[in-house]
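What follows is a single structure, written as structure tokens, with notes after it.
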Amino acid sequence: MDLGIKGRKAIVCASSKGLGKGCAIALAEAGCDLVVNGRNAETLAATAQEIRDRFGVQVIEVVGNVSDPAVQKALLAACPNPDILVNNNGGPPFRPLRELDRQKILEGVTNNMVTPIELVSAVIDGMAERGFGRIVNITSLSVYVPISGLDLSSGARAGLTSFLAGVARTVADKNVTINNMLPGKLDTDRLRGPHEPGSVEDPEAGAARRARLSAEIPAKRLGTPEEFGQICAFLCSVHAGYLTGQNIPVDGGLYVSAF
Ligand SMILES: NC(=O)c1ccc[n+]([C@@H]2O[C@H](COP(=O)([O-])OP(=O)(O)OC[C@H]3O[C@@H](n4cnc5c(N)ncnc54)[C@H](OP(=O)(O)O)[C@@H]3O)[C@@H](O)[C@H]2O)c1
């Protein structure tokens, strides 16, 4: 399907690996020029080059923590008039309630709620004026199904969801949409749990972990960043202009609900 977004400009936050990278690849495949982002310059450069080589689109790298206002400024300087914004960030580490202090709570809320709101705020008026905008926030299935120990992640993302649910309705008539994608269990580094950056998981342990997680999922497998990215690209397409303010679980049926 022609997504109708060839030549559009997209900022994809936290996109050097995992789900963000999956979204960047699918948007590049649809012909979008990209700004990609991540803290590790080497990983980001490798991803940017891979995308240029595969799809021939323009890819600008912005290295740094997306929650840092200076990095947000750099993202917007690299792409002052984005047509597409994919909000993504690292999630907070697993931490039970009693191990959270005020500072850690504020950090989590900043990363997973305030940061995406700041970026939405920076781009939304321009999108509305130009009559086209697609904003996709990568949140988590934990917004629907709490995971003890990831309460900060769930809470901050639920806050983001409610906040933008109202905002989405204010720009729907300008062909600007805001939707959330809720990953269930997708096969990325994040799902491997705590590990040293750059470490490679023992293949046997990895297979056992995947089998254990897959057994609980109706699809009987983990999702891939590639299929996640394709859904994101569709949400950013010309065809999805009438779909806004929605939460889309990408979870192989894990979230059990008739509605
Ligand atoms: N995978 C799942 O099944 C799943 C399920 C529920 C929710 N989620 C959420 O979805 C999001 C993406 O997860 P993932 O599985 O794709 O994780 P991942 O494989 O660990 O990839 C995270 C990406 O974000 C970048 N990143 C992390 N923190 C950043 C920051 N502060 N500023 C800029 N870039 C940053 C990382 O690069 P650097 O480390 O170099 O910065 C990397 O490119 C996370 O918020 C995660 O909690 C994932």
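In listed order, ligands and their atoms are each counted from 1. All values reported here derive from a predicted model rather than from experimental measurement.
- The nearest non-hydrogen atom to atom 38 (P) of ligand 1, considering only R157, R39, M181, comes from R39.
- Taking every heavy atom of N40 and a limit of under 4.0 angstrom, the matching atoms of ligand 1 come to 40 (O).
- Between R190 and ligand 1, an N or O atom pair is found at a separation short of 3.5 Å.
- The closest approach between a heavy atom of I138 and any atom of ligand 1 is below 4.0 Å.
- Between L243 and T177 the shortest side-chain heavy-atom distance does not fall below 4.5 Å.
- In this structure, H239 and F234 have parallel ring planes: the angle between them is below the 30° cut-off, well short of the 60° mark.
- Atoms of ligand 1 found under 4.0 Å from any heavy atom of N88 (numbered from 1 in listed order, with element): 11 (C), 12 (C).
- R157 and T161 form no side-chain donor-acceptor contact under 3.5 Å, judged by distance and modelled atom types alone.
- Ligand 1 has at least one atom lying under 4.0 Å from a heavy atom of N37.
- Looking only at atom types and distance, the side chain of S67 has a donor-acceptor partner in the side chain of N89 under 3.5 Å away.
- Close contacts between ligand 1 and S140 involve ligand atoms 6 (C), 7 (C) [criterion: under 4.0 Å to a heavy atom].
- With respect to I178, the side-chain contact (heavy atoms from CB on, under 4.5 Å) criterion is satisfied by exactly one of T170, L164, N87, V136: L164.
- Near L191, the atoms of ligand 1 lying under 4.0 angstrom from a non-hydrogen atom of the residue are 3 (O).
- With atom 9 (C) of ligand 1 as the reference point, the heavy atom nearest to it among T139, L213, V66, T188 is part of T139.
- Using a 4.0 Å cut-off to heavy atoms of A14, the atoms of ligand 1 that qualify are 23 (C), 24 (O), 25 (C), 26 (N), 34 (N), 35 (C).
- Counting only heavy atoms from C-beta outward, the side chains of Q72 and L119 approach each other to under 4.5 Å.
- Atoms of ligand 1 lying under 4.0 Å from any heavy atom of G64, numbered from 1 in the order shown and given with element: 32 (N), 33 (C).
- By the criterion of side-chain heavy atoms lying less than 4.5 angstrom apart, applied directly or through intervening Ile, Leu, Val, Met, Phe, Trp or Tyr residues, M1 is grouped together with L27 in one hydrophobic cluster.
- With a 4.0 Å heavy-atom cut-off, ligand 1 is reached by the backbone of K185 but not by any atom from C-beta on.
- Residue L141 has no nitrogen or oxygen atom sitting less than 3.5 Å from a nitrogen or oxygen atom of ligand 1, judged on distance alone.
- In this comparison of N89, V71, T47, L19, the heavy atom closest to atom 44 (C) of ligand 1 sits on N89.
- Interface of G91 with ligand 1, defined as ligand atoms under 4.0 Å from a residue heavy atom, comprises 44 (C), 45 (O), 47 (O).
- Protein non-hydrogen atoms do not reach within 4.0 Å of atom 22 (C) of ligand 1.
- Here the side chain of D33 pairs a donor or acceptor atom with the backbone of Q58 at under 3.5 angstrom.
- Seen from the ring of F132, R134 counts as a face-on cation partner, given the 6.0 Å and 45° thresholds.
- Ligand-side atoms of ligand 1 in range of L186: 1 (N), 2 (C), 3 (O), range being under 4.0 angstrom from any heavy atom.
- A heavy-atom separation below 4.0 Å is found between G184 and ligand 1.
- A donor atom on one side chain and an acceptor atom on the other are not found under 3.5 Å apart for N111 and E107.
- Within the 4.0 Å heavy-atom criterion, both parts of N65, backbone and side chain, lie near ligand 1.
- By the 4.0 Å N-to-carboxylate-O rule, D187 lies close enough to R210 to be salt-bridged with it.
- The shortest side-chain heavy-atom distance between I60 and V36 does not fall under the 4.5 Å cut-off.
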